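In what follows, a single structure is set out as structure tokens and then discussed.
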Amino acid sequence: MFKRFYLFIKRKKDIMHSFNRNLAYMSAGTYAYDNSIKYIMRCDRYTIDKANEIFQKNYYQILIRFVILLLRKMVFNQKIRISEFHNKTDNFSGCVYRPVRSITGYNDSRIFDFHHNKVLTIFATKDDFHSVLNNNEYFKDYFPLPKILWIDETNLLIMEELIQFQQYSNWQSKDYLYIIQEIFNRYLDYFNDCKQKGNISYKSPESFLWEGSESHEIKSILNEIHPILLNMNYPCLKLHGDLWTANIMLIKKATNQICMIDWEYANVYLFFYDFFNLMWLEVYVNNNEFYIYHYMDGEMDTYFEKVFALFDLTFHKEYRLDYLYIFFLNFYKERVLSLHKSERHKFINRFKKTIGLLKKGSEQKQKLSQ
């Protein structure tokens with residue numbers, strides 16, 4: 001526990017050091033950490049309100065929120081004054097500095113300019129820089145992405161437009177339904193093209209197992225999967241890898257639109273990975289069960305039937321939970337296995353708790369229907 005606490009403080013201090021190295025991109029003003037110590041912002045009312053609007057509220061537990069607030073007041077209470085703007089890039093004046101999480105940790109940084117509606121990403125490595133550009137080129141014909149305004153390969157910089165979107169907290173049921181419909185329609189087009197081009201591989205659920213301290217718990221999840229599904233090979237292809245509401249921008253105009261951001265986790269996953277990732281992270285991060293109950297109630301069956309049929313498979317309604325188990329095996333190996341042991345246990349325990357609630361809900365509905 002002490003080691004994690006120490007590493008947390010060290011990481012936040014490293015962010016402040018990184019901020020100081022990139023002052024040339026920041027506009028003049030006084031800067032400080034926000035109350036959740038997640039980003040550094042200019043301390044004016046417009047910037048504070050805009051940052052609160054754009055960035056999801058902190059989702060720490062109550063006790064942890066209290067400790068972090070104490071740290072903010074006692075350890076990270078310093079303010080940095082930038083007396084003049086060096087204008088290192090044309091028509092850009094940053095006002096929020098935020099670390100970016102990717103598969104390599106929090107090594108990259110993002111600077112937000114609310115006045116010009118731009119975002120500047122500063123990459124730590126050439127590999128990450130080129131990975132983002134490659135993903136953009138690969139997915140741009142299938143999914144709506146922020147427009148890249150310019151690229152500086154020498155300094156590993158990418159400038160993108162800042163999307164103006166509807167706050168997640170203001171979404172209504174019709175917005176959730178619109179987004180899931182839009183997601184499935186776009187993925188169907190993408191899947192069809194991948195199938196035509198042969199950009200598909202196949203894996204079985206057992207390929208996501210490994211030897212480790214939690215392998216027995218994961219194997220218990222494997223045992224919940226029906227043998228018919230367990231012995232199948234499933235299509236795998238390049239997907240977003242981190243699709244959930246934080247990375248889906250809802251744009252309210254005359255006709256609604258979406259924009260999908262943060263493709264750093266793009267990789268080869270099970271073909272239904274992104275759909276279940278959206279449901280699962282909504283539960284795990286936001287305690288929002290709208291999508292996962294919508295799925296369990298059969299409201300998404302038509303979508304899944306079309307996706308499965310495209311790959312010459314049959315979606316079995318009676319195995320809805322089994323497909324969720326298979327997803328979690330893929331998710332755990334790709335996203336959780338490298339985390340601290342306590343974090344890994346949190347994911348496993350929360351998943352089991354969620355499954356328990358879903359089973360209980362299904363049993364109650366069966367009794368009512370009898």
Side-chain angles (χ1 to χ4, degrees), residues 36 38 53-60 98-103 106 110 119 132 135 139 142-146 163 165-187 190 237-251 256-296 299-300 303-304 307 323-336 338-339 343 346-348 350-351 353-355 357-358:
S36 65
K38 289 186 175 181
E53 177 184 322
I54 289 180
F55 306 126
Q56 282 200 6
K57 299 296 185 296
N58 104 51
Y59 27 79
Y60 297 120
R98 183 181 174 95
V100 181
R101 183 177 184 179
S102 68
I103 56 175
Y106 285 92
R110 217 163 255 160
V119 184
V132 167
N135 287 335
F139 289 109
Y142 308 101
F143 303 101
L145 312 178
I163 302 298
F165 62 95
Q166 175 84 5
Q167 285 180 268
Y168 167 79
S169 59
N170 292 333
W171 287 12
Q172 300 175 2
S173 294
K174 63 180 181 180
D175 297 321
Y176 285 101
L177 296 176
Y178 163 75
I179 284 171
I180 201 67
Q181 180 183 27
E182 187 73 4
I183 291 294
F184 269 100
N185 287 339
R186 289 184 178 277
Y187 273 74
Y190 170 63
L237 60 166
K238 192 170 183 177
L239 300 176
H240 185 288
D242 194 25
L243 187 69
W244 66 297
T245 55
N247 291 331
I248 302 171
M249 307 288 99
L250 174 61
I251 305 167
N256 288 342
Q257 301 174 28
I258 65 169
C259 185
M260 297 165 62
I261 64 171
D262 293 353
W263 294 76
E264 287 83 2
Y265 285 94
N267 208 334
V268 175
Y269 302 93
L270 285 165
F271 72 106
F272 51 58
Y273 181 97
D274 279 354
F275 307 134
F276 286 114
N277 192 74
L278 173 57
M279 302 178 206
W280 163 239
L281 287 187
E282 269 303 280
V283 173
Y284 185 79
V285 179
N286 290 331
N287 294 310
N288 183 354
E289 299 163 338
F290 181 91
Y291 280 133
I292 203 160
Y293 277 120
H294 208 63
Y295 166 72
M296 289 301 297
E299 300 296 329
M300 296 187 188
Y303 295 133
F304 277 97
V307 169
Y323 296 127
L324 190 56
Y325 287 132
I326 295 171
F327 151 76
F328 190 76
L329 294 178
N330 195 179
F331 173 84
Y332 194 90
K333 187 174 183 181
E334 296 295 333
R335 295 291 302 274
V336 183
S338 61
L339 300 178
E343 292 294 320
K346 280 174 59 179
F347 274 100
I348 291 176
R350 184 59 186 277
F351 182 75
K353 180 181 178 181
T354 301
I355 291 296
L357 292 173
L358 293 176

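Computed from a predicted structure; not experimentally measured. All residue numbers refer to positions in the sequence shown, counting from 1.
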Could you please spell out the steps behind the ring-ring contact (aromatic ring centres under 6.0 Å, His included) verdict for F143 and Y190? CA-CA 8 Å; F143 303 101; Y190 170 63; 5.5 Å; yes

Donor-acceptor under 3.5 Å ([X] side chain, [Y] main chain):
X: Y178; Y: N256; answer: yes
X: D175; Y: Q172; answer: yes
X: N135; Y: A266; answer: no
X: D274; Y: L243; answer: no

Identify the heavy atoms of L145 and C259 that sit nearest to each other, and give their distance. C-SG, 3.6 Å

Considering all heavy atoms, the nearest E264-R110 contact: OE2-NH2, 2.9 Å

Ignoring hydrogens and geometry beyond distance, is a side-chain donor-acceptor pair present between N277 and Y269 at under 3.5 Å? no

Going by atom types alone, do N288 and Y168 pair a side-chain donor with an acceptor below 3.5 Å? yes

Let's go through W171 and I179 carefully: what are the C-alpha distance in whole Å and the side-chain angles of both, what is the deciding distance for side-chain contact (heavy atoms from CB on, under 4.5 Å) to 0.1 Å, and is it a yes or a no? CA-CA 10 Å; W171 287 12; I179 284 171; 3.2 Å; yes

Note, [X] side chain near [Y] side chain (heavy atom, < 4.5 Å):
X: D242; Y: R335; answer: yes
X: I258; Y: F165; answer: no
X: E182; Y: R186; answer: yes

Gap between atom [atom2] of [Y] and atom [atom1] of [X] - 0.5 Å precision:
X: M260; Y: F139; atom1: CE; atom2: CZ; result: 8.5 Å
X: N286; Y: T245; atom1: CG; atom2: OG1; result: 5.0 Å
X: I355; Y: F328; atom1: CD1; atom2: CZ; result: 9.0 Å
X: Y284; Y: T354; atom1: OH; atom2: OG1; result: 10.0 Å
X: D262; Y: N247; atom1: CG; atom2: CG; result: 4.5 Å
X: I180; Y: F290; atom1: CD1; atom2: CZ; result: 9.0 Å

Decide if the gap between the ring center of F275 and the ring center of Y291 is smaller than 6.0 angstrom. no

Aromatic ring centroids of Y142 and Y187 under 6.0 Å? no

Out of the candidates Y295, F272, Y323, only one should pair with F304 under the ring pair (Phe, Tyr, Trp, His ring centres under 6.0 Å) rule; please name it. Y295

What residues, two or more places apart in sequence or in another chain, satisfy side chain to side chain contact (heavy atoms under 4.5 Å, CB included) together with E289? V283, I292, Y293, L357

Sequence-distant partners of N170, side chain to side chain contact (heavy atoms under 4.5 Å, CB included), two or more places apart: Q166, Q167

CA sep, side-chain torsions, deciding dist, call: F276, F331, side-chain contact (heavy atoms from CB on, under 4.5 Å): CA-CA 9 Å; F276 286 114; F331 173 84; over 6 Å; no

Run F351 and Y325 through side-chain contact (heavy atoms from CB on, under 4.5 Å) and show every step you take. CA-CA 9 Å; F351 182 75; Y325 287 132; 3.8 Å; yes

For side-chain contact (heavy atoms from CB on, under 4.5 Å), just list the numbers for L239 and Y265, CA-CA rounded to whole Å, side-chain angles, deciding distance to a tenth of an Å, and then say yes or no. CA-CA 8 Å; L239 300 176; Y265 285 94; over 6 Å; no

